[in-house]
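Here the structure is a predicted model, which is why all the values come from computation and not from measurement. Quick note on labels: first sequence line is chain A, next is B, and so on, each numbered from 1.
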Amino acid sequence: MFLLSTMTYLPLLGALLIMLLPKKSDNLIRWVALLTTLVVFGLSIYTILGFNQDSKGYQYEEYYKDWIPSIGSGYHMGVDGVSVLMVLLNGFLFVLAIIASWKPIQTRVREYYVSMLLLYVGLMGVFCALDFFLFYIFWELVLIPMALLIGIWGGPRRVYAAVKFFLYTLVGSLLMLLAIIALYFQYYDLTKTNTLDIPTITKIAPQFSETFQFWAFLAFALAFAIKVPLWPFHTWLPDAHTEAPTAGSVILAGNMLKMGCYGFIRFNLPLFPDASKTLAPLMIGLAVIAIIYGALVAIVQPDMKRLVAYTSVSHMGFVILGLFSFAYGLRGKASGQTTDVLLRDNSAAFDGAVFTMFSHGLLTGGLFLCVGVIYDRLHTRDIKTIQDTTRVANRMPAYAAIYMLYTMGSLGLPMISGFVGEFLAMQGAFRVNGWIAFGTSFAIILAAIYMLWLYQRVIWGKPADYELATGHDDHGHGHGHATPAAQVTPAPTQASSKKADLKWLYQSIVLEPEDNDSSAAASHGTPAESHTDSHDNDHGHGHGGDKDLKENGAKFPDLNLGEWLTLYPMGIAAVVLGVFPGLVLNFLHKPAEQITAIFVNHADLAATLLQQVGK
Amino acid sequence: MPEAIGLVLLLPFLGFLINVFFGFQLSKRASASVACAAVGLAFIAALVAALTPRWPEGAVLKYDWTVAGPWRISFGLLADPLSVYMSLIITGVGFLIHLYSLGYMDHEPDYRRYFTYMNLFVTAMLLLVTSDNFVTLLVGWAGVGLSSFLLIGFYIHKPSAVNAARKAIVMNTIGDVGLLLGIFVIIANTGAVTFVGALTSETISQGDWRNWAALFLFIACAAKSAQIPLHTWLPDAMEGPTPVSALIHAATMVTAGVYLVVRAHPIFGASEWAAWFIPIIGAATAFYAATCALVQTDLKRVLAYSTISQLGYMFMAAGIAAYEASMFHLLTHAFFKALLFLAAGLVIHSLAGEQDMRKMGGLRKNGATRFAATVFLIGALAISGIPIFSGFFSKEAILGSFPLLGEAHTLTAAQQAAGITPLFLTIIGWVGVVTALLTSFYMFRAYFLTFEGSPRFEGHPHANPPNMIVPVGILAVLATFGGLVAFEGIWNSLERWFAPTIERFSVKGKTTWRSIEVGQLDLIGLVIGIGAGVVGIGLAYVVFMRRPKVTLAPSPAEPDYVPNYFPRAPKKEQSRLAQERNYIEITKAPTGLGIGHYLKLGFTNFLLYGWGFDLLYNLLFVWPGKGIANLIARWFDHEIEQAVDVGVGENACEVSQIVRYTETGYVRNYALGILVGAVAILFYVTVVGLAR
């Protein structure tokens with residue numbers, strides 16, 4: 001059983017293989033990368049299918065105790081309910097990220113995919129490692145390829161963004177390293193044995209003094225808060241997102257931000273239960289600020305990608321809100337409540353937090369892909385410019401539809417995954433204090449404003465151009481005004497459009513990416529195009545106002561195969577999770593139960609555990 | 001067969017899915033037929049469900065939706081008289097409006113998109129009324145908000161439509177948040193989310209959480225049903241296609257708030273706060289909107305304000321626990337308001353998109369619009385509460401629930417606890433009477449301006465196709481005789497119909513539900529009610545038919561005011577605001593008039609702009625909000641960035657600049673350093689050693 005290690009190191013193998021390939025074979029490189037990620041995705045599905053939701057503790061464990069005996073570090077891999085979900089999310093998003101890079105990345109292709117696969121190694125490892133030493137290696141491993149992705153394949157300010165990203169996260173991780181070393185010595189003081197094994201240390205954790213817990217919590221929390229990112233450590237995120245290539249943004253939002261949240265779940269809560277309770281109000285406060293602040297700032301962003309980046313700040317706030325509402329709710333030991341009661345009352349917050357992690361990966365990843373689609377056609381992300389250029393809804397209906405789905409999911413429409421997480425997290429926060437839920441609820445209203453305003457500007461385009469284009473008839477009735485040109489109905493184009501679709505499919509697979517023929521063919525054949533024509537003719541004003549179409553029509557082909565394959569699976573996944581949240585939530589019972597057990601019983605438990613470890 | 005309720009929900013959803021996934025493959029006709037058939041069949045299924053001999057105890061068709069630890073929400077459909085009653089209205093009226101849309105939207109290039117959205121709306125609305133718990137209610141609640149957003153903004157090239165759509169969904173999201181918080185209050189206090197579990201909980205009478213729950217839920221109701229202060233989106237929502245206004249913004253979606261109050265009546269009926277604020281807000285909204293409707297020049301905006309006003313009526317009744325009267329008015333209102341909108345749609349369709357009543361007139365005498373005139377008159381008579389027409393019965397039922405003449409009135413427990421006196425109810429009732437008078441006045445103003453008098457329109461009205469005529473005809477019959485459904489014995493049928501719902505939602509056998517009673521309808525009440533309607537019609541006749549100059553004409557110098565009053569047609573593509581600005585300009589045009597003229601003009605404009613709520617909200621929320629967001633984004637966020645990263649970086653540089661001075665390269669400096677260090681260590685060792 002080397003499943004986890006296989007998943008972690010397969011990408012490394014892929015990267016090595018790519019390095020050996022000749023330089024010019026770009027397509028081969030892409031295929032190797034895609035196959036690697038597909039195999040790992042398959043394995044991650046296999047992992048999650050074989051995962052026993054009802055058993056406590058870690059599964060698929062691999063433990064070689066004497067990896068580095070001098071510091072007590074072992075090679076320990078394993079997943080529990082939370083991390084197995086993150087592994088699946090990794091697997092899914094990386095496949096999509098590779099597909100999404102297919103056409104946009106045309107320079108230094110080999111280096112790009114090597115970085116991508118190395119990033120994959122780090123991210124898989126972070127969620128599987130159960131040894132502090134191993135964990136820290138993976139944690140730092142993530143940093144370098146990501147900084148390269150931003151710094152080499154990014155936008156105009158890429159170097160600034162990459163350096164900022166690197167420095168920020170490095171500061172955090174160094175503090176974490178310090179805290180890990182402190183933990184190591186604290187453990188030695190208590191048991192006179194050396195270990196860096198996470199589950200072992202977790203068992204002894206409740207024995208730590210409150211002061212130690214307090215400072216160690218803060219050190220860990222700072223590292224993770226930067227990664228999440230929590231207000232006020234968020235400023236690297238908009239820059240990194242804005243400058244990163246599309247696939248980089250997807251991975252950054254989808255997986256890397258989750259590392260911070262995962263850190264809170266794996267380390268801060270179980271290792272420092274007392275400090276978690278004491279500092280929960282602080283964390284909740286920061287989370288509420290992040291939620292509102294991110295939403296407010298998002299409203300006025302002029303850059304699409306920056307806007308989505310700020311929504312990330314807002315949504316990740318919900319994760320922290322849920323986690324620490326959960327921790328705060330577990331104070332109940334004093335009031336003599338049993339574990340079961342506490343779990344029943346509070347697990348919603350925990351579930352909401354983890355669910356938000358998962359669904360944010362899908363929805364925000366999807367939003368970044370949507371931005372990428374526009375960027376590839378227009379080479380700008382400036383909302384005003386896009387709005388003034390064209391009316392995307394008419395040019396790219398399939399894109400408009402899927403973008404609508406992500407917009408709605410992101411603003412929390414029920415039946416899409418975003419709602420479930422927000423609902424549960426806010427419900428947990430409401431138990432802590434009604435006013436917290438009341439405060440955060442403003443973010444939902446703001447979300448409706450910024451998401452829909454963005455959608456209207458980007459997709460519906462500039463309304464004013466209606467005046468130029470048609471200038472008649474409020475109600476779209478061409479009644480009695482229709483000219484013979486209106487005979488150009490969609491009907492005759494039906495057959496030809498189908499044909500064109502096939503041709504377009506063929507072309508998008510076979511032809512080289514920059515070939516403009518394929519896009520032109522696509523734009524002429526789609527039913528939507530003929531719609532637009534008949535629409536304008538209906539109004540009897542000919543094509544006077546449709547200069548826009550003539551100039552830009554060819555520039556706006558609807559989604560190509562790669563975009564279909566990334567945008568739609570992700571959207572479908574978000575809807576499936578929104579309708580069947582149990583698919584994810586079922587994995588969270590045992591982790592929530594374990595953390596609750598640590599919180600409730602830790603004082604009594606710790607003494608007995610200490611004796612066991614002492615033996 | 002109560003299980004048929006599942007089919008009611010499923011069919012429009014299937015229609016939606018077919019249109020989403022295969023819409024492009026289908027012909028225009030086929031796509032529309034799928035949509036219409038889905039809603040039509042759902043109506044038949046609802047009828048089947050209505051014929052249930054015995055209502056099931058629990059939910060039909062359960063499914064575990066969210067399982068969060070031991071805490072779960074199960075999705076279920078509730079088949080009870082109330083949900084079936086609502087389903088019948090939604091699918092019945094919805095089907096007629098779908099049919100009507102076939103003709104109305106015929107020339108629309110985005111025909112399939114329209115029907116896709118319509119089916120989505122019907123699905124969400126049915127989910128709203130048939131769900132058996134608050135969470136799936138919220139799902140439907142947000143779903144109708146979404147489809148309303150999509151349909152208001154259907155003409156995406158119109159700036160006014162786009163803005164109206166955004167305004168609507170922001171207001172509705174405020175409501176969604178209210179509902180969300182209300183649900184949290186309910187979960188925290190009862191531990192249940194199902195209606196049966198939460199609403200029959202005995203904890204309702206303990207503590208005062210019921211007041212908070214009622215308050216939060218009512219925010220949702222006010223947003224959805226356009227009650228003060230969340231009403232401003234509805235008049236703007238008229239930017240959508242007219243059938244949409246008829247279905248969503250008149251007959252069904254906007255009544256969701258009333259439905260929620262009635263559905264959650266164990267909470268609302270027991271809440272002391274709700275006993276005050278619901279009747280007050282309802283009456284205030286009814287009166288407010290009626291005054292605004294007096295001066296509107298856009299035919300659809302008159303009807304929009306009228307809808308707000310009538311919804312206020314329903315809340316007035318629901319606020320004093322007269323839930324049955326409220327639901328009855330909901331039914332008849334769905335008939336006559338849908339009829340009025342569709343009749344207006346006939347006119348607009350005939351005039352190729354003209355909505356301005358100042359550019360209509362005399363349409364009754366025109367062959368193409370004579371039918372529209374007849375049905376509009378029926379609708380106007382119904383809403384004015386003229387006997388025989390449906391509105392008469394429901395309006396009398398509402399007014400009859402109030403002690404208009406200070407007669408004896410039994411207060412509910414909550415009203416007593418809240419300190420409400422019968423005098424308060426009398427005042428609210430009289431606000432209702434005045435509103436009734438205003439209602440018949442503005443409805444007949446609209447009728448006279450549109451259909452009577454001299455023609456002021458351009459071009460020739462076109463005839464309407466039969467698939468638009470037939471649904472309107474059916475609605476006209478319903479608006480005329482629909483009030484008789486409650487006429488078994490007198491006023492008893494609805495009571496018997498709702499009895500199972502009342503029974504199921506009683507807390508310990510007690511209910512706050514009030515049925516319509518025969519005794520409430522004494523002769524004097526009848527006279528007052530009918531009198532208000534007749535007087536309003538008479539006034540409108542006098543003002544607009546006998547002495548037309550009195551109306552809005554600002555210029556006494558011009559005897560024939562109409563052509564001069566509207567010297568320029570407002571540009572169609574202008575935004576609503578621009579049109580109104582244009583209107584002011586025109587009305588200001590005549591000079592040399594006294595102060596009285598300007599006072600009148602100011603007052604007219606005050607009413608025309610809906611008492612300036614939009615301006616107020618812009619001043620209070622929109623502009624400061626944008627300002628704050630800009631401030632934070634452009635300044636504060638930047639400051640943090642400066643402080644945290646640039647600041648740290650620069651400080652590090654400065655520190656190293658200082659430290660740099662120690663690196664002089666002179667041996668003597670280093671030797672001095674070593675000496676100082678050695679002395680310090682010696683000193684430390686000695687002192688510490690001595691201390692030990």
Side-chain angles (χ1 to χ4, degrees), chain A residues 164 167-168 232-233 235 293 296-297 299-301 343-344 347-348 351 393 408 413-415 420 423-424 426-427 430-431 437-438 441 444-445 448-449 452-453 456 460 463-464 466-467 469-482 491 527 531 534-535 538 581-582 585-586 589 592, chain B residues 20 24-25 27-28 64-71 107-110 135 138-139 142-143 146 149 153 155-159 161-162 165-166 169-170 173-174 176-177 180-181 184-185 187-188 212 241-242 348-349 352-353 355 462 572-573 625-626 628-630 632-634 637 640-641 644-645:
Chain A
K164 194 171 177 182
L167 285 182
Y168 251 99
F233 310 110
T235 57
Y293 186 96
L296 259 180
V297 175
I299 292 181
V300 293
Q301 290 304 319
L343 195 62
R344 190 197 66 208
S347 62
D351 292 4
M408 286 301 160
L413 188 84
M415 289 294 167
V420 183
F423 180 87
L424 293 174
M426 276 180 74
Q427 203 262 336
F430 187 85
R431 281 187 179 278
F438 185 75
S441 66
I444 296 179
I445 300 167
I449 297 174
L452 290 169
W453 195 28
Q456 287 184 331
W460 292 3
Y466 171 71
E467 286 177 35
T470 52
H472 120 100
D473 191 79
D474 257 7
H475 290 266
H477 287 284
H479 207 72
H481 297 276
H531 261 242
S534 67
H535 171 93
D538 252 354
L585 295 178
N586 281 335
H589 299 329
Chain B
V20 164
F24 283 115
Q25 316 287 324
S27 74
K28 198 172 150 183
D64 272 352
W65 186 58
T66 298
V67 189
W71 185 77
H107 304 283
E108 209 41 64
D110 284 333
V135 177
L138 175 62
V139 175
L146 164 69
F149 164 78
Y155 302 123
I156 58 176
H157 47 258
K158 273 172 75 184
V162 171
R166 199 166 65 243
I169 196 143
V170 169
T173 309
I174 295 174
D176 295 351
V177 166
L180 196 63
L181 292 172
F184 291 156
V185 174
I187 291 176
W212 286 103
T242 305
I348 294 166
H349 193 250
Q355 287 182 213
H462 327 290
K572 294 305 298 188
E573 65 273 20
K626 269 190 186 166
I628 291 170
N630 263 312
I632 292 180
R634 303 213 195 296
D637 206 49
I640 290 186
E641 205 174 327
V644 178
D645 34 273

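- Contact of A/Met408 with chain B is made through the side chain alone, with heavy-atom distances under 4.5 Å.
- Once rounded to the nearest 0.5 Å, the distance linking CG of B/Asp176 with CD1 of A/Ile445 reads 9.0 Å.
- Residues satisfying the side-chain contact (heavy atoms from CB on, under 4.5 Å) criterion with A/Leu167, sequence neighbours excluded, are A/Val163.
- Contact annotation for A/Ile444: both backbone and side-chain heavy atoms come within less than 4.5 Å of a heavy atom of chain B.
- A/Ile299 contributes atom CD1, which lies 9.5 Å from atom CD1 of B/Ile632 (distance to the nearest 0.5 angstrom).
- Among all heavy-atom pairs drawn from B/Ala188 and A/Arg431, the shortest one is CA-NH2, 4.4 Å.
- With a 4.5 angstrom heavy-atom cutoff, B/Val20 does not touch chain A via any of its atoms.
- Here the straight-line distance linking atom CG of B/Asn630 with atom CG of A/Leu296 works out to 10.5 Å at 0.5 Å rounding.
- The side-chain contact (heavy atoms from CB on, under 4.5 Å) search around B/Leu181 returns A/Ala437, A/Phe438, A/Ser441, B/Val177, B/Phe184, B/Phe216, not counting sequence neighbours.
- Considering all non-hydrogen atoms of both residues, B/Thr173 and A/Ala448 come closest at OG1-CB, 3.5 Å.
- Only the side chain of B/Leu146 comes within less than 4.5 Å of a heavy atom of chain A; its backbone N, CA, C and O stay farther away.
- Here the closest heavy-atom approach between residue B/Ala629 and residue A/Val300 is recorded as O-CG2, 3.5 Å.
- With a threshold of 4.5 angstrom between heavy atoms, B/Leu138 approaches chain A through its backbone and through its side chain.
- Looking at A/Phe423 and B/Val135, their side chains come closer than 4.5 Å, going by heavy atoms from C-beta outward.
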